[in-house]
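Reading through the structure tokens given below for one structure.
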Amino acid sequence: MSGSLRILIAGGGIGGLTAALALQQLGHRVRVFERARVLGEVGAGLTLTPNATRVLQALGLWPALRPTLVLPECSELRDGRSGRRLAVRELGEPLAARYGADYCHVHRADLHGCLVEALKARAPDALSLDDAFIALERNDTDGVRVRLARSGSVEGDVLIGADGLRSTVRTALFGPAETRFAGYVAWRGLAPMQALPATLREVPACMTIGPRNLLLRYPVSAGRLMNVACMGRSEHWAEESWSVPATHAELLEQLEGWHEDAAILVRAIPAEALFKWGLFERELLAQWHHESSALLGDAAHPMLPFLGQGAVMAIEDAVVLARAFAETATPAAALACYTAARLARGNEVTRLSAENGHALVPRDESEFQPGSHSSAATLGLIAYDPLNVRLPVAGAVTRGAA
Ligand SMILES: Cc1cc2nc3c(=O)[nH]c(=O)nc-3n(C[C@H](O)[C@H](O)[C@H](O)COP(=O)(O)OP(=O)(O)OC[C@H]3O[C@@H](n4cnc5c(N)ncnc54)[C@H](O)[C@@H]3O)c2cc1C
């Protein structure tokens, strides 16, 4: 199908904006409706593996994004209590040569800002802020009509729900999802790099494991900031929001008995920049599209963060969705093709992420087996190429780029 369909996207996060850029590149008229009044992202880092960075390159975002990134040479695995090094993983050039794209660390705000600027440049009126998706007024084979907080009723050929974990589009299509506290609380913060001792800066990317906790650190924003994230077992429910303030004291208590490096790292985070949130699980969906609407990213497959693939999957979804429109004859065929191409992978990575949580953050000492966990690389997930993977369309021609 060649452009130009009217494609409405609810949610201007990483998945929604990537989809907008990939669809716009094919000549479709995209409009992105974002609930937030002001654009921005939380202060946290992301690891992007080659299955996502190849997409960002194909969308022409690399020149703007590259100066903000950190491309680590290696990362370490350490024992949380002794601080002892357990393993070193080679990244950098060898990994990039093997997969044909880089492995990198990025500040969420740097990535989001780059996606926003690209969309503003290529489709100046596409992004509408303070404009939450409220309801689906019509959804049939001829198209959709949605109700939005600011724009009112808007008609389109297709609606894409990219509105995150607590997706309103998902509820409108498939009913409310049951949520279950997964038994983990996550803390996040960014520490100025110069506040850290040389020992922590020398090999800045490090995952530290032990019973009940996983502590991650890696540099973002061209190395100016150290991203710190701790995922800890907790019997106590915590809010599923990224912006609940936390204290140094509670995180230090969670990490009691850990090597002194953990406390040094935690104390380097400015008090006002430490946050926590509860991790929740939802039932996997058996379908991602209905009539002229479909889900993408966390809205389709909200996953626990134990493989670091949530945003990467949203980026994969976005480009496969755009390719599905290019390689089929009707919107209905495109959404069916997209779901057939992506649902099994999205659900499988969600399941594997939950499983890896048990291996990475055991409940107690008796379950602690260093080295028993997986990674996106050891599971072969990062070899997936969303730009070229064969789509399940009868007679489809596989293209080289979105
Ligand atoms: C601790 C932690 C670490 C992580 N680390 C990694 C990592 O290293 N690598 C990785 O790939 N992933 C990681 N992730 C996962 C990643 O953050 C998410 O999977 C990713 O942000 C999903 O993108 P999205 O666009 O689907 O949703 P979001 O980024 O949540 O965007 C959704 C957007 O929709 C908007 N919205 C919500 N409701 C509405 C509405 N009704 N109408 C309009 N707009 C709406 C929101 O304001 C938001 O802008 C991590 C997650 C956690 C919790």
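Whatever order the structure lists ligands and atoms in, that order sets their numbers, starting from 1. Residue numbers count from 1 along this sequence.
- The distance criterion of under 3.5 Å between nitrogen or oxygen atoms is met by Thr47 with respect to ligand 1.
- Of the heavy atoms in Ala229, none comes closer than 4.0 Å to ligand 1.
- Residue pairs that meet the salt bridge (charged side-chain N to carboxylate O under 4.0 Å, His left out) test with at least one member in residues 246-274, sequence neighbours left out, are Glu250-Lys276.
- Contact annotation: for Thr168 versus ligand 1, heavy atoms closer than 4.0 Å belong to the side chain alone.
- Given atom 39 (C) of ligand 1, the protein heavy atom at minimum distance is Asp163 CB, 3.6 Å.
- Closest to atom 52 (C) of ligand 1, if we only count protein heavy atoms, is Pro305 CB, 3.6 Å.
- For Ser4, the side-chain contact (heavy atoms from CB on, under 4.5 Å) criterion is met by Arg29, not counting sequence neighbours.
- Ligand 1 has no nitrogen or oxygen under 3.5 angstrom from a nitrogen or oxygen of Ala36.
- The distance criterion of under 3.5 Å between nitrogen or oxygen atoms is not met by Leu279 with respect to ligand 1.
- Closest to atom 42 (N) of ligand 1, if we only count protein heavy atoms, is Phe133 N, 2.8 Å.
- The protein atom (non-hydrogen) at minimum distance from atom 12 (N) of ligand 1 is Ala311 N, 3.0 Å.
- The shortest contact between atom 47 (O) of ligand 1 and any protein heavy atom is with Glu34 OE2, 2.6 Å.
- Looking from atom 13 (C) of ligand 1 to the surrounding protein, the closest heavy atom is Leu46 CD2, 3.4 Å.
- A salt bridge does not link Glu283 to Arg180: none of the charged nitrogens lies less than 4.0 Å from a carboxylate oxygen.
- Nearest to atom 38 (N) of ligand 1 by heavy-atom distance, out of Met313, Arg35, His105, Met231, is Arg35.
- His105 and Tyr218 have parallel rings, their planes meeting at less than 30° on a 0 to 90° scale where 60° marks the start of perpendicular.
- Side chains of Ser292 and Asp157: a donor-acceptor N/O pair is absent below 3.5 angstrom, by distance only.
- Of the protein's heavy atoms, Gly164 CA, 3.9 Å lies nearest to atom 30 (O) of ligand 1.
- Side-chain contact between Ser128 and Ser151 is present, with heavy atoms from C-beta onward closer than 4.5 Å.
- The closest approach between a heavy atom of Met303 and any atom of ligand 1 is not below 4.0 Å.
- Nearest protein heavy-atom neighbour of atom 17 (O) of ligand 1: Arg108 NH1, 2.5 Å.
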(message) Evaluate Ser293 against Asn139 for side-chain hydrogen bond (donor to acceptor under 3.5 Å, both in side chains), listing each step before the verdict.
(response) CA-CA 7 Å; Ser293 303; Asn139 180 34; 3.0 Å; yes
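- Close N/O approach between Ala10 and ligand 1 is not found [any backbone or side-chain N/O within under 3.5 Å].
- Polar contact check, Gly297 against ligand 1: no nitrogen or oxygen pair lies under 3.5 Å apart.
- Of all the heavy atoms of Trp277, the ones lying under 4.0 Å from any atom of ligand 1 belong exclusively to the side chain.
- The distance criterion of under 3.5 Å between nitrogen or oxygen atoms is met by Val312 with respect to ligand 1.
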